[in-house]
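Have a look at the structure below, then the notes.
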Amino acid sequence: MNIHHKNMKQVSQEMQSWTKSNLTYLGIYECNYAHFDLNEASWAGIPMYYDWYCEYMEQGLDLSLASRLSQGTRYWDQTTQLYQKYNHFINTIDTHSPHRLDVITKTDDGFEMLTVSSDHLLTPSEHLQVEKALRVLSHQARYITKNKPNLTMDLRCVNELKNIEFEKEGPCYSQYEKSKFGDVILTSKEQKYIEYMIFNKTQKEIAYLHSCSETAVRKVITNIKRKLGHEFMPNSQMMDLLGQIGVLSICSQSFIVN
């Protein structure tokens, strides 16, 4: 076994332990992390199942990354070859019928991807825990790859990835309409911003998604608070009030399920 595979087998065992300690209570039984550097045409992954990693690479399934590139959260399309191959693999070691989820964020040099498998569609609160896991693993992975440079591999589909405009949601609020919740009327834009806040997006991240300033984002959030009765209320109070009038149940239904 070469150094790369020896290191990969070791980190996969560590990922199994980490997932068991941090995510199994959510019904998540597998977790994988990867960082893709488009500038260096390289990537480093931390899989949980070493055997799946080997199958994934041997069958060239990493070449399908371009079709998965979409910032945010997306469940795998269960009709694709990639899902079918994964489902066949997982059924050889478990009886789960997996829901396979990608969580992708943009970085300065490329993007990060956290992929988890769960026994059910995640709720909004569970989704938040997954996003927190991505932040934790992002920090840990940089330390791991620095000490184990053999984990880094050539990014074989770098040309396809570079030719893709990394998907930004932009000022699109088509899934929402101006609506009245009790005595509070919210625009489609305001509902979209509430959705972002449910999924723990910062004002900086919202500004990036909409190519605007953080000041512009704050104005929208302040206006929502004003409609609720007090523009200086803390965000936690705002979310509580929005939950009471039924807004959160509408804005949390934003998972992209193929």
Side-chain angles (χ1 to χ4, degrees), residues 1-24 28-71 74 76 80-94 96 98 100-118 130 133-164 166:
M1 181 181 294
N2 62 34
I3 295 177
H4 170 77
H5 281 275
K6 183 178 180 180
N7 285 338
M8 193 61 72
K9 198 164 189 177
Q10 179 183 348
V11 298
S12 68
Q13 292 171 346
E14 293 170 354
M15 179 65 92
Q16 289 179 35
S17 298
W18 188 90
T19 301
K20 185 176 181 179
S21 298
N22 294 276
L23 295 176
T24 51
I28 293 172
Y29 57 87
E30 183 188 0
C31 178
N32 308 271
Y33 169 86
H35 173 253
F36 302 87
D37 188 329
L38 300 186
N39 297 329
E40 299 295 330
S42 65
W43 72 289
I46 302 178
M48 180 168 155
Y49 291 132
Y50 172 74
D51 290 341
W52 166 245
Y53 164 78
C54 291
E55 185 174 327
Y56 180 84
M57 296 303 296
E58 288 169 2
Q59 297 190 30
L61 298 176
D62 58 309
L63 298 174
S64 68
L65 279 167
S67 65
R68 296 166 62 190
L69 184 58
S70 176
Q71 179 161 296
R74 185 178 298 272
W76 284 20
T80 62
Q81 180 189 45
L82 177 62
Y83 180 88
Q84 295 298 328
K85 286 184 179 293
Y86 172 77
N87 191 45
H88 179 267
F89 166 80
I90 203 68
N91 285 334
T92 65
I93 60 175
D94 213 320
H96 287 292
R100 191 79 162 156
L101 178 73
D102 286 335
V103 180
I104 301 173
T105 61
K106 186 74 174 65
T107 64
D108 291 338
D109 54 13
F111 62 99
E112 292 177 305
M113 177 185 290
L114 187 73
T115 302
V116 298
S117 293
S118 60
V130 172
L134 174 56
R135 296 188 182 98
V136 172
L137 287 172
S138 175
H139 174 73
Q140 294 181 350
R142 294 183 186 276
Y143 175 80
I144 291 171
T145 54
K146 182 178 179 179
N147 288 277
K148 291 184 171 68
N150 295 98
L151 293 178
T152 302
M153 298 165 288
D154 292 336
L155 184 56
R156 298 192 291 176
C157 58
V158 65
N159 291 332
E160 291 89 339
L161 294 177
K162 283 185 174 180
N163 289 333
I164 293 177
F166 198 98

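The nearest pair of heavy atoms linking N32 to P47 is OD1-CA, 3.3 Å. In terms of heavy atoms, E55 sits closest to K85 at OE2-O, 4.1 Å. Of all the heavy atoms in T115 and W76, the pair that sits closest is CG2-CZ2, 4.1 Å. In this structure, P98 and Y29 approach most closely via the heavy-atom pair CB-OH, 2.8 Å. Here the closest heavy-atom approach between residue A66 and residue E160 is recorded as CB-CB, 4.0 Å. G60 and R156 get closest at one heavy-atom pair: CA-NH2, 3.5 Å.
For the atom pair CG of N39 and CG of D108, the computed distance is 9.0 Å after rounding to the nearest 0.5 Å. With rounding to the nearest 0.5 angstrom, the CG atom of L114 is 5.0 Å from the CG atom of L134. Atom CG of L65 is separated from atom CZ of F36 by 4.5 Å, given to the nearest 0.5 angstrom. Interatomic distance, Y49 OH to M15 CE, rounded to the nearest 0.5 Å: 12.0 Å. The distance from the CE atom of M57 to the NE2 atom of H4 is 7.0 Å, given to the nearest 0.5 Å. Distance OH/Y33 to CD/Q140: 10.5 Å, rounded to 0.5 Å.
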| field | Verdict with reasoning, M113 to W43, per side chain to side chain contact (heavy atoms under 4.5 Å, CB included) | value | CA-CA 11 Å; M113 177 185 290; W43 72 289; over 6 Å; no
| query | Which is it for T19 and S17 under the side chain to side chain contact (heavy atoms under 4.5 Å, CB included) test, yes or no, and what are the steps along the way? | reply | CA-CA 6 Å; T19 301; S17 298; over 6 Å; no
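Considering only heavy atoms from C-beta on, L61 stays 4.5 Å or farther from Y86 through its side chain. Two residues are said to be in side-chain contact when any heavy atoms from C-beta on lie closer than 4.5 Å; R68 and L82 meet this criterion. Annotation: side chain of L151 is not in contact with side chain of P149 (no heavy-atom distance under 4.5 Å). Two residues are said to be in side-chain contact when any heavy atoms from C-beta on lie closer than 4.5 Å; E30 and R100 meet this criterion. Considering only heavy atoms from C-beta on, T152 stays 4.5 Å or farther from D37 through its side chain.
At most 12 non-hydrogen atoms from other residues, nucleotides or ligands lie less than 6.0 angstrom from CG of D154.
Not a single donor-acceptor pair under 3.5 Å links the side chain of N87 to the backbone N or O of Y83.
Checked against Y50 for a side-chain hydrogen bond (donor to acceptor under 3.5 Å, both in side chains), the options K9, H5, Q13 give a single hit: H5. Of the listed residues (D109, L137, T145), just one forms a side-chain contact (heavy atoms from CB on, under 4.5 Å) with H35, and that residue is D109.
Annotation: salt bridge (charged side-chain N to carboxylate O under 4.0 Å, His left out) contacts of R135 (sequence neighbours excluded): none.
F89 and W52 have tilted rings, their planes meeting at an angle from 30° to 60° on a 0 to 90° scale.
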